[in-house]
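The structure under discussion appears below in the form of structure tokens.
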Amino acid sequence: MSCTGLGLFMLYSRYFIPTIKENPSDAEVVSHQLMLRAGMIRKLASGIYNYLPLGLRSIRKFENIVREEMNRAGAIEMLMPSVQPAELWQESGRWSFYGKELLRFKDRKDAEFCMGPTHEEVITDMVRREIKSYRQMPLNFYQVQTKFRDEIRPRFGLMRGREFIMKDAYSFDVDSLAADLSYEKMFNAYMRIFERCGLNFRAVEADTGSIGGSSSHEFMVLADSGEDAIVSCDACRYAANVEKAESPLFTAHTTAAPLLLEKVSTPDKKTIAEVAEFLAVAPEATIKSMVYASDTGDLVMALLRGDHELNELKLKNHLGWDEIVMASEEQIFACTGSPVGYLGPIGLTKDIPVIADRVVQNMANVVLGANEKDQHYINGVPGRDFAVTCFADIRTVEAGDACPRCASGKLEMWRGIEVGHVFKLGIKYSKALSATYLDAQGKEQIIFMGCYGIGIGRTVAAAIEQNHDENGIIFPLPIAPFHCSVVAVNTKDAAVMAASEEIYRTLEGLGVEVLFDDRDERPGIKFKDNDLIGIPLRIVVGSKGLAEGKVEVKIRATGEMLLVPLEEVAATVRQLIDTALAGKE
RNA sequence: CGGUGAGUAGCGCAGCCUGGUAGCGCACCUGCCUUGGGAGCAGGGGGUCGCUGGUUCGAUUCCAGUCUCACCGACCA
């Protein structure tokens, strides 16, 4: 019997799910491998992908959750162009600041354009033209758009593409206080979005990067393959990206009596570990000195306790530099007169700022480089033996550090995938682009902005990263491409096909998204494919079960198997889906 | 852009060192067989060996250049 008759749309045999048995050699992370293997995506060029039907379905599912929650939070959907004129970017100052990541090109008239990597300029331009009065705010516009960022190193499939789908939203408020409220609304909407997807995530305090603004939170899906390190307190709500995480404020001042500074020979001992071992002291009793350079050639020396790591971002932000890199050997020699390995703050040949981590303030009798090959000092005391321009928090926090916010907590460390980011922008863009309004007194004021992004493809990838097993993807129901599949074990068995078709039609009637695996393949192939593509529920119709009037419902996530009478299966499946979605819509 | 490695059939790879006939597994097509976890047998199609140039009677193989891709460091949803 034929089941390719009219009315059955989601036939596996007529659909397009090109699965791959072997692992593609260039896929590094699980989500990338599985999305390729499950026939969700295919690469067109580096960091640029085709979304195949199955991948698109999943992406659309997530987009719609995002839309629902954005709408619920009062944001308004619109759509901005992906091609943007250079003038706007020149006006905001980012045409020069953004660098090579911004893909630029010219039209036939030689006018300059770029592929939009983000849309602050465009939305602010629209708002400045349309919004004139405090009565028109608050406003929050959002869109789901394809962005392009010419990443230096695209990788991990949809996790870090150059072209990617992003939901971005922009809020406009009369003042800082109102903007805080908009921010909070978005923060809460984001919490709901990722909770609805069943993801294990953390909202963490974050650096604002090139977007700018005063404060921001990142939404991080926890995964070992994540590109970011984050910390969270085991006692309070504090959580932050390691880039941003504050180290604990107080460390005990040493009680040791100051000893006399003394130069000692340390032949070929360059690293902290080597020096500490050679002098038989703990790394905690040493200070390491590093020289950093800005893009404009400014130099600075950073001082840290020997066992601590520098946080370059903190140092960069502290100095207010645009760029920070480790100084070259020539630059180092120019200001210390010493080769790398023996650097220290005593006897610098050039007057450069010395920034010390706060912990250093409370140390005494430390080991320091002597700015001379094979020489170190012992018993150095900050303030007595060398001057420090200022003390600042410039070290990278570690797991087990005391929480900077609460008395009792310790920091735990995780890897995370950044799937969302919310920013308080303040007036950075509205000022640059003169987006103003008249207040109740008729006085001109600058609009306060916020911006809020979610990586759509990246979130789907992160969900896979967090939900898979050796057989493939285990989609959380809310973003699964289909709720369930009907697998006809033997397509040559007319009774099996009739029953399968009946179940398929009934499920569709109940609003269930169902894929009918009608392929004339061996059962093993069908089971493997259904597992691989991660369909949450699988209904198996086989000759033996059918003889007893029963079919099988298998739950992908748990492996649990239910034998259900034929006439009840549709209702059972609907029930399972409703339960899984309960409280999530 | 810097460092490392790789480009040979749709996918995964061998061959190259030591130049002469391009090969294996999977996938694909035909037939038989098979139908509860990626079966079996038989037959078949598919490659300007990334590109350009050089050496040579002859280059997938040697040389030079070039492009592309992946991995390791700075950006970011």
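First the proteins, then the strands, lettered A, B, ... as listed; each starts at 1.
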Taking atom [atom1] in both [N] and [M], compute the distance separating them and give it to the nearest angstrom.
{"N": "B/A22", "M": "B/C67", "atom1": "C1'", "answer": "24 Å"}
{"N": "B/C62", "M": "B/U55", "atom1": "C1'", "answer": "8 Å"}
{"N": "B/C28", "M": "B/G38", "atom1": "C1'", "answer": "16 Å"}
{"N": "B/G12", "M": "B/C69", "atom1": "C1'", "answer": "16 Å"}

Under 4.0 angstrom, heavy atoms only, what part of the nucleic acid is [X] near: base, sugar-phosphate, or nothing?
{"X": "A/V540", "value": "base"}
{"X": "A/G161", "value": "base"}
{"X": "A/N530", "value": "nothing"}
{"X": "A/I152", "value": "base"}
{"X": "A/N471", "value": "nothing"}
{"X": "A/E218", "value": "nothing"}
{"X": "A/R162", "value": "nothing"}
{"X": "A/D168", "value": "nothing"}
{"X": "A/K100", "value": "nothing"}
{"X": "A/G542", "value": "base"}

Discussion item. Tell me whether the NZ or CZ atom of A/R104 lies within the 45° cone about the ring axis of A/W89 and under 6.0 Å from its centre.
Written reply: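 That pair does not qualify as a cation-pi contact.
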
Worksheet item: Can A/K147 be said to sit on top of A/F164's aromatic six-ring, NZ or CZ under 6.0 Å from centre and within 45° of the ring axis?
Response: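 Judged by the rule (NZ or CZ under 6.0 Å from the ring centre, within 45° of its axis), A/K147 is not positioned above A/F164.
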
Practice prompt. Working to the nearest 0.5 Å, report the span between CD1 of A/I456 and CZ of A/F62.
Written response: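 If we round to the nearest 0.5 Å, A/I456:CD1 and A/F62:CZ are 5.0 Å apart.
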
Worksheet entry | Euclidean distance, A/D228 CG relative to A/E418 CD, rounded to 0.5 Å |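 One finds 6.0 Å between CD of A/E418 and CG of A/D228.
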
Length of the [atom1]-[atom2] vector between [X] and [N], whole Å:
{"X": "A/L34", "N": "B/C11", "atom1": "CG", "atom2": "P", "answer": "19 Å"}
{"X": "A/E22", "N": "B/C26", "atom1": "CD", "atom2": "P", "answer": "10 Å"}
{"X": "A/F148", "N": "B/C75", "atom1": "CZ", "atom2": "P", "answer": "19 Å"}

Counting only Watson-Crick pairs (N1-N3 plus N6-O4 or O6-N4) and G-U wobbles (N1-O2, O6-N3), all under 3.5 Å, who is the partner of [N]?
{"N": "B/U68", "answer": "B/A6"}
{"N": "B/A14", "answer": "none"}
{"N": "B/G43", "answer": "B/C29"}
{"N": "B/U60", "answer": "none"}
{"N": "B/U21", "answer": "none"}

Worksheet item: Reading nucleotides 27-35 of chain B from the 5' end, what letters show protein touch, with B for base, S for backbone sugar-phosphate only, - for no heavy atom under 4.0 Å?
Response: S------BB

Are a donor atom and an acceptor atom from the side chains of [X] and [Y] found within less than 3.5 Å of each other?
{"X": "A/S543", "Y": "A/N490", "answer": "no"}
{"X": "A/T396", "Y": "A/H308", "answer": "no"}
{"X": "A/D207", "Y": "A/N241", "answer": "no"}

Worksheet item: Is a donor-acceptor pair below 3.5 Å formed from side chain A/R538 to base B/G37, judging by atom type as modelled?
Response: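 Check passes, donor-acceptor contact within cut-off.
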
Fill in: Nearest-nucleotide comparison on RNA chain B, the residue closer to the 5′ end among A/K316 and A/G545
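Nearest nucleotide further toward 5': that of A/G545.
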
Worksheet item: Do A/F164 and the base of B/A77 stack face to face, with centres under 5.5 Å apart and an angle between planes under 30°?
Response: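 It does: the ring sits over the base of B/A77.
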
Worksheet entry | Side chain to side chain, A/K244 and A/K314, heavy atoms closer than 4.5 Å |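 Result no, sub-4.5 Å side-chain heavy-atom pair not found.
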
Item to complete: Flag the pair A/I454 / A/Y190 as yes when at least one side-chain heavy-atom distance between them is below 4.5 Å, and no otherwise.
Response: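 Side-chain contact under 4.5 Å: yes.
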
Item to complete: Name the orientation class of the two ring planes belonging to A/F187 and A/F219 (parallel below 30°, tilted from 30 to 60°, perpendicular beyond 60°).
Response: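 A/F187 vs A/F219 ring planes: tilted.
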
Interface polar pairs with nucleotides 2-8 of chain B, N/O, under 3.5 angstrom:
none

Worksheet item: Just to confirm, is there a sub-4.0 Å distance from OP1 or OP2 of B/U68 to any side-chain nitrogen or oxygen of A/S46?
Response: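 For B/U68, neither OP1 nor OP2 has a side-chain N or O of A/S46 closer than 4.0 Å.
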
Worksheet item: Can a salt bridge be assigned to the pair A/E195 and A/R192 using a cut-off of 4.0 Å between side-chain N and carboxylate O?
Response: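 A salt bridge is absent here (no side-chain N lies under 4.0 Å from a carboxylate O).
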
